Amino acid sequence: MPFFWSSPPPKASSSSSSSSPPARAWKRFGGRTVAAVATGSDARADLARPTFFSLPVRCFFFFGDDSGPFLFESISFFTFASSARRLTISFASSSSCSCRRNASSSDDDDPLMLAAQKASSKQRSPKLFPEATSDEATVLGRRHMTAALVRRLKLVCFAMPTIQAFLASTTPPVRSLLRRAPRMAANSTVVTAPRTAMAKAPTTPPPPPSVAEIRETRLAKAEAMRASGKNPYAYAFEASHRASELQSLFSELEAGGEDASEVSVCGRVTAKRVFGKKLAFFGLRDSSGDIQLYLEKGSLGEDDYKSVLEWTDAGDVVGVEGTMKRTNKGELSVRVTRFDMLTKSLAPPPDKFKGLTDVAKRYRHREVDLIANPEVRSVFERRAKITSFIRRYLEDRGYLEIETPTLHFQPGGAEAKPFETKHNALDLRLSLRIATELHLKRLVVGGFDKVYELGRVFRNEGISSRHNPEFTSVELYQAYADYETMMDLTEDLVVTLARSLGVVTTTTTPDDKDELIYGGETLSLRKPWPRISMVDLVERKIPGFADCVAANDIAKAKALATKAIVVAAGGVKAAAALVVVEKQTTVGELLNVCFEELCEHELRDPTFVVDYPVEISPLAKPHRAKANFVERFELFAAGRELANAFSELTDPVDQRRRFTDQANKKAAGLNDEACGVDEDYLFALEHGLPPTAGLGIGVDRLVMLLTDSPSIRDVIAFPLLKPVAAAE
């Protein structure tokens, strides 16, 4: 690293005119020596600390390598400033410049010594202010090094350890400049350092500190705060404004203007930029947005300013008080008069530019994901608005939310494997609920005409972009209604919700559509949504299948299904589907398999698929016009199911028979997700369940659709993942 001397540096060895001067005269830098002489001062500036000075001097830049030393001399206005991450060097126009190489073996003829002695006798001491660090990064602006001696230039560095690469790249222009040098000593020759020698210098920056090293450093800072009487973990801080409020209130403040209003704000430090010993800028982010902090030694006081810079890192939570100022560059800032450390972070935040890109780590440590990727916050803010809207929508229509048990003796209300647990005190085997349906319908039996519950359910099933073992659903039940009522309600709920969030265009003319963008695809939410029976959809893919359903011809239906699936899917996927086809024992079950394999993924715009086979709908009322079918619908959009509803089965005898059939299939190994016989629910049905319609909506999938999220894990704050050790 460069050193600056006031007195002549040590003389070079007389043994060889081309050898480098003693190591104590300057710092060795990657096999090359880089030194600078500033006349008339007994101070030296070490770039390991912040430095700033600006003065007219006769500048001597000495560069030495294996080929020997040479010297640049310039009468310039020299400005030098360094901080933790940036170094700026600038020169005003120079009246003269030269480069000399010692051609004599005599110490007295060394031009570096002579020039330093001569300049020292004519120049007064410059004022040097050694302060900040410069220990990492890379050199920019390589083309401009030679122009530093003849015109104004700014050389921006992000680390001194790679400056030799910069010098190596500027050898040709240096040679051109030296040929035009107006003054040369008689015993000096114009030379440049060999490009090959300079190119040998290593350019790899030092490795960044490890997370463990950073943690130890930050722990030391926290201990230093305690030692000085400061608590690095405060109890509270009262902020007068949020960042977004300040941005709005002072939006009219002009560049360079100030407002004397006292404000206070708190949040997390996102960036730290230090300019010498008197000025620094911090970035601060709270839940509403970002604001810049403007820190001056004059406003904070010398001791406080110094301690703030020493103790504060990116990621720390701080609170500040001050006045508002807009910088000359137009950045609205809080001019800080008081700075409080609220929480000292020990772990560094993710990279400022790359962010947190490891998907598994984003899900596993959502708190870090939120810090690194502010756009993720908007997803969960919108999710909160969605659940709040659903509750308001239902309550405005007379629905009452009642919580039901999470622990069940007999899982029911859906076909799914439950999570098993045990109540130790009662010595009972229990299951986590797979649905809220049966308890809510028991409340309808008890006299609540409109009830709902929005909450978590748990299913011990696979994990995919559409499935998570615990998820959120809203189930609602209305007495004296049927599945047509639920279709109307579902359609209106989703469209009204999408409009309230501003994620669809609102119709203005009869030809316009409520359009939603999902995954780059435009979906139309314009009402009314199509209502198509499952049989009709499958018939479009397998001509003749509807006749098999009507005739209950399972053999012919399997033959048609096998051919269609092989043609459509092919390969391994077709083979797996055919195994499922062969397992089906009824036409109704086969119909559902064909729909899932051939039709479901093609339903892009919201579509109601209606009239399901009775075999797969044990809780739905028989269709009033179609034998072997029930009054049930599922809502599909973007190729996935969003909702499920039916006219509820109210006949206790028919319900018992269906429960028994399900239990028998499970016992025979035909369907391990089938439900058993729930005697408590049958007891309630025997007291009379009014004609009732029920609806269940998967809230997570609805949030996916309305936030344009590709995976269910993107909309669940902490999705289930394997522990790190198990995952590895």
Side-chain angles (χ1 to χ4, degrees), residues 413-415 435 437 441 473-495 523-550 552 557 561 584 586-651 654 658 691-698 701-702 705:
E415 287 194 355
E437 177 174 350
K441 287 194 287 189
S473 73
V474 56
E475 291 197 34
L476 56 110
Y477 295 87
Q478 178 178 338
Y480 313 108
D482 62 10
Y483 77 141
E484 295 281 354
T485 305
M486 291 295 111
M487 272 189 269
D488 295 338
L489 184 146
T490 304
E491 188 177 75
D492 185 67
L493 169 62
V494 175
V495 172
L523 308 180
S524 174
L525 270 62
R526 188 182 182 188
K527 299 186 293 185
W529 295 344
R531 303 181 181 189
I532 310 174
S533 72
M534 180 180 284
V535 171
D536 289 342
L537 286 170
V538 174
E539 178 70 15
R540 295 176 184 178
K541 295 293 183 179
I542 311 178
F545 197 88
D547 293 336
C548 297
V549 173
N552 198 24
Q584 308 311 309
T586 68
V587 171
E589 293 170 338
L590 184 59
L591 172 65
N592 183 61
V593 170
C594 292
F595 167 75
E596 291 178 347
E597 293 294 330
L598 303 175
C599 307
E600 180 177 323
H601 64 279
E602 295 185 355
L603 299 175
R604 312 310 299 175
D605 291 341
T607 303
F608 291 114
V609 178
V610 302
D611 303 341
Y612 277 57
V614 66
E615 295 93 332
I616 62 171
S617 310
L619 294 165
K621 183 168 287 188
H623 199 284
R624 64 195 76 183
K626 299 179 181 179
N628 299 321
F629 287 88
V630 296
E631 294 191 350
R632 174 187 175 186
F633 76 80
E634 287 184 320
L635 171 64
F636 291 86
R640 63 173 64 101
E641 176 197 346
L642 294 181
N644 183 26
F646 25 85
S647 300
E648 300 295 337
L649 180 59
T650 56
D651 182 349
D654 191 4
R658 296 198 203 177
T692 300
L695 167 67
I697 298 176
R701 292 186 181 180
L702 181 60
L705 181 69

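For this chain, numbers begin at 1 and follow the sequence in order. Values in this document were obtained by computation on a predicted structure and should not be read as measured data.
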**Study point:** side chain to side chain contact (heavy atoms under 4.5 Å, CB included), paired with L695, selected from L476, L635, T485
**Key:** L476
**Study point:** Main-chain N/O of E631 paired to R624 side chain as donor or acceptor, under 3.5 Å
**Key:** no
**Study point:** Check: T692 main-chain N/O paired with E648 side-chain donor or acceptor under 3.5 Å
**Key:** no
Point to revise | S617/F646 under side-chain contact (heavy atoms from CB on, under 4.5 Å): CA gap, chis, key distance, verdict | key: CA-CA 9 Å; S617 310; F646 25 85; 5.6 Å; no
Exercise for review: Write out all pairs satisfying salt bridge (Lys or Arg N to Asp or Glu O under 4.0 Å) with one or both partners inside residues 533-548, taking only residues at least two apart or from two chains.
Suggested key: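 Every pair satisfying salt bridge (Lys or Arg N to Asp or Glu O under 4.0 Å) with a residue in residues 533-548: K541-E602.
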Practice item. Can you tell me which residue pairs pass the salt bridge (Lys or Arg N to Asp or Glu O under 4.0 Å) test with a partner in residues 609-619, sequence neighbours excluded? Key: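 For residues 609-619: D611-K626.
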Review point. Passes side-chain contact (heavy atoms from CB on, under 4.5 Å), F633 versus M486? Steps please.
Key: CA-CA 9 Å; F633 76 80; M486 291 295 111; 3.8 Å; yes
Taking all non-hydrogen atoms of both residues, which atom of [X] and which atom of [Y] are closest, and how far apart?
X: S524; Y: P606; answer: O-CD, 3.2 Å
X: L619; Y: R658; answer: N-NH1, 4.3 Å
X: V609; Y: L603; answer: CG2-CD1, 3.7 Å
X: A643; Y: I697; answer: CB-CG1, 3.9 Å
X: A561; Y: L590; answer: CB-CD1, 4.2 Å
X: D482; Y: A693; answer: O-CB, 3.2 Å

Is there side-chain contact between [X] and [Y], with heavy atoms separated by less than 4.5 Å?
X: L537; Y: F636; result: no
X: L705; Y: L523; result: yes
X: C548; Y: I542; result: no
X: P622; Y: L649; result: yes
X: C599; Y: M534; result: no

**Study point:** side chain to side chain donor-acceptor pair (under 3.5 Å) involving T490 - partner list, sequence neighbours excluded
**Key:**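 Listed in chain order: nothing, the list is empty.
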Practice item. Just jot down the side chain to side chain donor-acceptor pair (under 3.5 Å) partners of D605, sequence neighbours excluded, or say none. Key: none
Review point. Got a sec, which pairs hit side-chain hydrogen bond (donor to acceptor under 3.5 Å, both in side chains) with one end in residues 634-646, sequence neighbours left out?
Key: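 Matches after skipping sequence neighbours: Y518-R640, Y612-E634, R632-E634, R632-N644.
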Point to revise | Distance flag, aromatic centroids of F608 and Y483, threshold under 6.0 Å | key: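 No, ring centres 6.0 Å or more apart.
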Practice item. Could I get the full list of side-chain contact (heavy atoms from CB on, under 4.5 Å) partners for V593, not counting sequence neighbours? Key: V580, V581, Q584, E597
Exercise for review: Could you go through the salt bridge (Lys or Arg N to Asp or Glu O under 4.0 Å) check for K441 and E475 one step at a time?
Suggested key: CA-CA 10 Å; K441 287 194 287 189; E475 291 197 34; over 6 Å; no
Point to revise | From CA spacing to verdict: side-chain contact (heavy atoms from CB on, under 4.5 Å), T586, N628 | key: CA-CA 11 Å; T586 68; N628 299 321; over 6 Å; no
Practice item. Please step through side-chain contact (heavy atoms from CB on, under 4.5 Å) for the pair L598 and V538, ending with a clear verdict. Key: CA-CA 8 Å; L598 303 175; V538 174; 5.7 Å; no
